[in-house]
There are 2 protein chains.
Amino acid sequence: MSSETAERTAGHHVCGHHSGLDCQHCQARHLSVCNALEPEDFDDLNRFGRTLNYAPKSTLFEQDETADNVLNLTEGAVRLYKLLPDGRRQVVGFALPGDFLGLAMSARNVFSADALTHVTVCQFSRTGFSDLLDRKPKLLRRLHDIASHELSLAQDQMVILGRRTAEEKIAAFLIGMRSRWAKINGASVHVPLPMTRQDIGDFLGLTVETVSRMLTRFAREKAIVIVPDGVRLLDVDRMERLAAS
Amino acid sequence: MSSETAERTAGHHVCGHHSGLDCQHCQARHLSVCNALEPEDFDDLNRFGRTLNYAPKSTLFEQDETADNVLNLTEGAVRLYKLLPDGRRQVVGFALPGDFLGLAMSARNVFSADALTHVTVCQFSRTGFSDLLDRKPKLLRRLHDIASHELSLAQDQMVILGRRTAEEKIAAFLIGMRSRWAKINGASVHVPLPMTRQDIGDFLGLTVETVSRMLTRFAREKAIVIVPDGVRLLDVDRMERLAAS
DNA sequence: CGTCCACTTGACAATCGTCAATAGCAGTGG
DNA sequence: CCACTGCTATTGACGATTGTCAAGTGGACG
């Protein structure tokens, strides 16, 4: 592991980095865009990207800032959110290892992102990456498939936000997080929740209080157990029925 | 105009078609994916796609059906929606001329689509189109940019669904439709609304009644005028303030 | 002219939000 | 070591926005 580990908790920038990557040994490779590349192409990426570390609560980038870089998350969890002028907040997603940040490829960030845990990313200049896409159609194709899939997930989230009750929203959220962690760590009834109740509420269009109430209700009814930094699913069937698309 | 106009209102299939397109004279070309192609590439498309017409209320395709085709809308308006097992419905979008249907490129449709007005589309086989993408990186790049933009819009819709009041939702919807029509017909205070109040409600996570009440309230307060098949915006400023970011 | 829908409007209900108090927990520094 | 601070989570009482139910209007079309 050749990346430095020094970090800053304040500010919103670099927290230890070195030039160059080590894609061959990347834990998150099979989950990432990079998977589209041939071994020989990795040299390109290795030279042109860099590894960065972020401390919990630090900012990766902010909405409306000029978007100089795109990122690929290799470790940790990130909260992606939009703010309304009056301070209301909508979390549009949580990024986990393997997730690509910067799909919009727009000149300015369309949302803010900050670290929920310690986070490691591969960073590439946006314009450089865009050029790379034009040279490597396979990479572009992979990125497009990822974007299409994200779009589909966003539409699922619309259903959750627009047409589901608080109870169903929480169930759908837990089932969703479970299946995302399954791709990373393998299936388990233990669902890590690195985000706060407030974050969950802002993701589901609920208040903290409602999130808390629903979770304690599920716990009281023995559908889940609340554990430090997550939940354990006892009645997966019930949760899946509530979440049922 | 060489496409036939015979239509069926029932069923969910073809309603008059002929093989081959006429991309050069397509009204919606500058709005569409196809814009990425060189003149000589159009021959490919012309041979390989076909024009279809659909009557109002007819079905273009249904959720979970095998997705044999992708479509590019050239005329009319289409409602895209997902159904929950118990009949609740979430409209995930309204397609207008220039819009591409089938971004997900998945084997099965992720939502249903039906015509709100008379509709004309260019149809391509999904696998054929997918192959074409691999042969024409420029087309792929354009499609990716469209998908990325759609993703960004979907995230905006999440904010509307999760964190806005009924009043703000309606305002945001009207302003949004206005700017979409502007790209097609040029800017105007007249906003055509080919969908029902129920559709608007299912798009915004509201009931018909709430939609109706908000629209009549805006009308009573002289912010809009309700006209057949749409509204006319009187107080654009107020609407934009309510819809703000 | 009558039927069918979409739309509107009103009365009432309920889910979920607001406000407030308290508990729990981690980190900090005397 | 422990009090102090600040943040997150929980819980309760109350309120309001929005949904539900019901009735009625009006326009389109056969």
Side-chain angles (χ1 to χ4, degrees), chain A residues 7 9-10 55-57 79 84 86-91 114 116-118 160-173 192-221 224-231 242, chain B residues 9-10 55-57 79 84 86-91 114 116-118 160-171 173 192-221 224-231 242:
Chain A
E7 292 176 352
T9 51
K57 296 179 201 296
R79 167 179 60 213
L84 292 179
D86 64 357
R88 281 176 289 176
R89 191 177 69 154
Q90 176 69 39
V91 170
D114 37 46
L116 294 168
T117 62
H118 171 91
I160 291 175
L161 287 167
R163 284 297 178 233
R164 315 216 68 145
T165 64
E167 184 185 36
E168 292 170 328
K169 285 177 176 181
I170 298 292
F173 174 70
L193 298 177
M195 69 293 289
T196 67
R197 304 286 192 258
Q198 181 69 58
D199 294 333
I200 299 176
D202 286 343
F203 184 52
L204 298 175
L206 300 171
T207 58
V208 213
E209 293 92 332
T210 303
V211 173
S212 186
R213 274 189 258 269
M214 289 299 157
L215 285 174
T216 45
R217 210 183 85 195
F218 280 141
R220 184 161 15 94
E221 294 168 354
I224 67 173
V225 183
I226 298 174
V227 297
D229 302 314
V231 300
L242 280 171
Chain B
T9 52
K57 298 180 199 295
R79 167 180 60 213
L84 293 178
D86 64 358
R88 280 177 289 176
R89 193 178 67 153
Q90 176 69 39
V91 169
D114 36 46
L116 295 168
T117 62
H118 171 92
I160 291 175
L161 287 167
R163 284 297 179 233
R164 316 215 69 144
T165 65
E167 184 185 35
E168 293 171 327
K169 284 177 177 181
I170 298 292
F173 173 69
L193 298 177
M195 69 294 287
T196 68
R197 304 286 191 258
Q198 181 70 57
D199 293 334
I200 299 176
D202 287 343
F203 184 53
L204 298 176
L206 300 172
T207 58
V208 213
E209 292 93 330
T210 303
V211 173
S212 185
R213 274 189 257 270
M214 289 300 157
L215 285 174
T216 48
R217 210 182 86 195
F218 280 140
R220 185 162 13 95
E221 294 168 353
I224 66 174
V225 182
I226 298 175
V227 296
D229 302 314
V231 300
L242 280 170

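In the text below, chain A, chain B and the rest are named by the order of the sequence lines, each starting its count at 1.
Following rounding to the nearest Å, B:Ile170 (CD1) and C:dC7 (P) show an atom-to-atom distance of 12 Å. Remark: C1' of C:dC16 and CD of A:Glu168 are 14 Å apart, rounded to the nearest angstrom. Summarising the geometry, the separation between NZ on A:Lys169 and P on C:dT15 is reported as 14 Å, rounded to the nearest angstrom.
Shown here are the side-chain hydrogen bond (donor to acceptor under 3.5 Å, both in side chains) partners of A:Ser212, two or more places apart in sequence or in another chain: there are none. Judged as a salt bridge (Lys or Arg N to Asp or Glu O under 4.0 Å), and not counting sequence neighbours, B:Glu209 has no contacts. With sequence neighbours left out, B:Pro192 forms a side-chain contact (heavy atoms from CB on, under 4.5 Å) with B:Trp181, B:His190. Every residue meeting the side-chain hydrogen bond (donor to acceptor under 3.5 Å, both in side chains) condition with A:Thr196, not counting sequence neighbours, appears here in chain and number order: A:Asp199. Listed by chain and residue number, nothing satisfies the ring pair (Phe, Tyr, Trp, His ring centres under 6.0 Å) test with B:Phe218 (two or more places apart in sequence, or in another chain). A search for side-chain hydrogen bond (donor to acceptor under 3.5 Å, both in side chains) contacts involving A:Thr165 returns A:Glu168, not counting sequence neighbours. With sequence neighbours left out, B:Arg163 forms a salt bridge (Lys or Arg N to Asp or Glu O under 4.0 Å) with A:Asp202. Every residue meeting the salt bridge (Lys or Arg N to Asp or Glu O under 4.0 Å) condition with B:Asp114, not counting sequence neighbours, appears here in chain and number order: B:Arg79.
Side-chain atoms of A:Arg164 come within 3.5 Å of backbone atoms of A:Leu242 as a donor-acceptor pair (strictly under, hydrogens ignored).
Distance CG/A:Leu193 to CD1/A:Ile226: 9.5 Å, rounded to 0.5 Å.
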Nucleotides 17-24 of chain C: protein proximity per nucleotide (B base, S sugar-phosphate only, - neither; heavy atom, under 4.0 Å): SBB-----
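A 4.0 Å heavy-atom criterion places the boundary nucleotides of DNA chain D facing chain A at D:dA9 to D:dA13, written 5' to 3'.
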Nucleotide-level pairing of DNA chain D, given in dot-bracket where Watson-Crick and G-U pairs need both distances under 3.5 Å and | marks other strands: ||||||||||||||||||||||||||||||
